Amino acid sequence: MSKEKEFRNYKVVRPEWVVDSVRVGKQLPWHKYRLIGQGNIGASINALSDPLSQLSAQPARQGSESGNLGLLVKPTLVIDRFNEGLNRSWVRKNLASDKDFIKRYYKNSRLHHLSTWKAEMKDYVAQLRSKYRKGKGTDKKVDRGNRIIMHVDFDCFFVTASLLSHPYLKDKPVAVCHSQQQQQQPVDSDQIDEESLRAMSRLGGTSQIASCNYTARSFGVRNGMFLGPAREKCPGLMTVPYYFDTYKRISRRFYEELTRIADEIQAVSIDEALLDVTEAVHHGFGGSPERLAHHIRQIIYEQTQCVVSIGIGPNILLARVATNKAKPDGVFTIAADQFDTIDLKVRDLPGIGYTLEKDLVQHNIASVRDVRNATLAELQAICGEKTGQALYEHSRGIDNRVLESDKLRQAFGADIGWGWSAK
DNA sequence: ATCCTCCCCTAC
DNA sequence: TAAGGTAGGGGAGGAT
Ligand SMILES: Nc1ccn([C@H]2C[C@H](O)[C@@H](COP(=O)(O)OP(=O)(O)OP(=O)(O)O)O2)c(=O)n1
Ligand SMILES: [Mg+2]
């Protein structure tokens, strides 16, 4: 459905257009072969994926209108300097056909690390739980009410951890990315001359920023941005490299401490965990979640020299939203009856990303308050049955999900969508 | 209704 | 210059 929308204004034909055109030795008019705009696209697609249907395709009658080229392939960027680049050793090493390409690629891909670490940390938590003889967490359905959930998340994790090796950059705007091209010395952008500023903003490129610190964020830089646009916003932006081993070492200490403390724990990622501390707050913290949070922040900092922020709430949703309010370097609590008073955009809700935000805004739903003013049926018409239901509940601060630490893996896979080719 | 297939979307 | 992976929830449309 999304592709139908994306290609609505393009000429997209079924493969028979190619076969038939070859058969008659010229380009046939494309209209009769049109894939989009005929209705019933589902059936056409089913037919496409059935190899027998290709064999039995009827030869088309010859049309008389003169068709122009109907098959549209999304335009591909052609690198003019390709041949020049081919001789350079960097490109030669990164041809996807190189025999060690996959190994080298995975060694350097932060997203690959993120994915494998997530699985490893789930495993590690399971190990630690049995080592610490933590409960099975099976009877949760009995007393689901009145839980205390914490969301613990390192502040700009990769930057903080990389800066342990580059401490003198701590107060500058800093990003972690592969490109290390930059001024030799960090500068303050307010005391630098125009020309150097322009020179620095040209030190851009398409290296992705995995993480940037809060100084950089004050300029509008964000995780996931390309370095080029980031330096336009923040010309003095310094970069530091990845230290993958350090990130993993820190994360293991993080999970060791948290698993010991929490009643229940769910590993969310290398730098982020959900805790159920309903009982734990009574073990030396006088029943105060904030005092326990303070203790956790202290102990994690001692152990890792990295800062975590903590969100506290009666369910996963509120704890996560609270973390965003807590950052950087803080703790924030949202009680069930406070949620309505917080001014949030739909995009601030976990689970609402780029596309769902667009879909909702198209229906004049931009804020969480707007969601609350919509009916369940309206939301389900926009987002689908379950997503609409979840949105309806989340907009009211309702979230009945429980922490999961012992789910079985359902799938595995591997893919690479980057690399250089010899044309 | 429910299941199956082929996607889309989100998160880190 | 450049290292955009991957699991899991879920929707649409058709088959059973
Ligand atoms: N687009 C992204 C987002 C994240 N990450 C990596 C680097 C981050 O440091 C780490 C953790 O992601 P977070 O979303 O927790 O972001 P940060 O920890 O960097 O910042 P903060 O949590 O303070 O917002 O995952 C990445 O490589 N690419
Ligand atoms: Mg973080």
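Because the structure is a prediction, the values reported are computed rather than measured. Numbers restart at 1 for each chain; the letters A, B, ... are given by sequence-line order, proteins then strands.
In this model, no side-chain donor or acceptor of A:Gln410 finds a partner on the base of C:dG8 within 3.5 Å.
One atom, CG of A:Leu349, and another, C1' of B:dC9, lie 16 Å apart when rounded to the nearest Å. Taking atom CZ on A:Arg222 and atom C1' on B:dA11, their separation rounds to 17 Å, with Å as the unit. Here C:dG4 presents its P atom at 14 Å from CG of A:Leu227, a figure rounded to the nearest Å. A straight line from CE of A:Met1 to C1' of C:dG10 spans 14 Å, rounded to a whole angstrom. Following rounding to the nearest Å, A:Leu408 (CG) and C:dG8 (C1') show an atom-to-atom distance of 14 Å. When the C1' atom of C:dG8 is taken as reference, atom CG of A:Asp406 falls 16 Å away, rounded to whole Å. Rounded to whole Å, atom P of C:dG11 lies 14 Å from atom CD1 of A:Ile382. Distance A:Phe244 CZ to C:dA3 P: 10 Å, rounded to the nearest Å.
In this structure, the side chain to side chain contact (heavy atoms under 4.5 Å, CB included) partners of A:Glu290, at least two apart in sequence or on a different chain, are A:Ser288, A:Ile312, A:Thr333. Not counting sequence neighbours, A:Asp370 has no partner by the salt bridge (charged side-chain N to carboxylate O under 4.0 Å, His left out) test. For A:Pro314, the side chain to side chain contact (heavy atoms under 4.5 Å, CB included) partners two or more places apart in sequence, or in a different chain, are A:Leu318, A:Ala336. Applying the salt bridge (charged side-chain N to carboxylate O under 4.0 Å, His left out) test to A:Arg110 and every residue at least two apart in sequence or in another chain returns nothing. Under the rule for a salt bridge (charged side-chain N to carboxylate O under 4.0 Å, His left out), the partners of A:Arg253 that lie at least two apart in sequence or sit in another chain are A:Glu256, A:Glu257. For A:Asp348, the side chain to side chain contact (heavy atoms under 4.5 Å, CB included) test picks out A:Leu344, A:Lys345, with sequence neighbours left out. Not counting sequence neighbours, the partners of A:Asp153 by the salt bridge (charged side-chain N to carboxylate O under 4.0 Å, His left out) test are A:Lys327. Taking the side chain to side chain contact (heavy atoms under 4.5 Å, CB included) definition, one finds that A:Pro241 meets it with A:His166, A:Gln180, A:Tyr243, sequence neighbours left out.
The side-chain tip of A:Lys107 does not point at the ring of A:Tyr105 from less than 6.0 angstrom away and within 45° of straight on.
Between A:Arg320 and A:Glu272 there is a salt bridge, since a side-chain N of the basic residue sits under 4.0 Å from a carboxylate O of the acidic one.
Against DNA chain C, the stretch residues 385-392 of chain A makes heavy-atom approaches under 4.0 Å through A:Glu385, A:Lys386, A:Thr387. DNA chain B is contacted by A:Tyr354, A:Thr355, A:Leu356 of residues 354-378 of chain A, taking any non-hydrogen atom closer than 4.0 Å. Proximity of residues 99-123 of chain A to DNA chain C (heavy atom under 4.0 angstrom from any strand atom) is restricted to A:Arg104, A:Tyr105, A:Tyr106, A:Asn108, A:Ser109, A:Arg110, A:Leu111, A:His112, A:Ser115.
Nucleic acid contact for A:Asp271: sugar-phosphate only, since backbone atoms but no base atoms lie under 4.0 Å from a heavy atom of the residue. If you check every strand for non-hydrogen atoms under 4.0 Å, A:Gly417 touches a base. Looking at heavy-atom distances under 4.0 Å, A:Phe226 makes contact with a base. Contacts of A:Ile416 with the nucleic acid, taken as non-hydrogen atoms under 4.0 Å apart, involve only primed sugar atoms and P, OP1 or OP2.
Nearest-nucleotide positions on DNA chain B place A:Lys3 closer to the 5' end than the other of A:Ile352 and A:Lys3. DNA chain C is contacted by both A:Gly224 and A:Gly413; A:Gly224 maps to the nucleotide lying nearer its 5′ end (nearest heavy atom per residue). The 5' end of DNA chain C is approached more closely, in terms of each residue's nearest nucleotide, by A:Gly204 than by the other of A:Ala411 and A:Gly204.
Applying the 4.0 Å criterion to OP1 and OP2 of B:dC9, one finds that A:Ser2 has a side-chain N or O inside that range. Distances shorter than 4.0 Å separate none of the side-chain N or O atoms of A:Gln208 from OP1 or OP2 on C:dA3.
Screening residues 381-397 of chain A for side chain to side chain donor-acceptor pair (under 3.5 Å), with sequence neighbours left out, gives A:Gln389-A:Glu393.
Which of C:dG4, C:dA3, C:dA7 sits closest to the side chain of A:Phe412 comes down to C:dA7. Checked against C:dG4, C:dA12, B:dC12, the side chain of A:Glu272 finds its nearest nucleotide in B:dC12. Candidate nucleotides B:dC8, C:dA2, B:dA11 were compared by shortest atom distance to the side chain of A:Arg320, and B:dA11 ranks first.
In A:Leu164, the CG atom is crowded: over 12 heavy atoms of neighbouring residues, nucleotides or ligands sit closer than 6.0 Å. Taking a 6.0 Å sphere around OH of A:Tyr301, one finds it holds 12 or fewer heavy atoms contributed by other residues, nucleotides or ligands.
Of the C1' atoms belonging to C:dG4 and B:dC9, the separation is 16 Å, rounded to the nearest Å.
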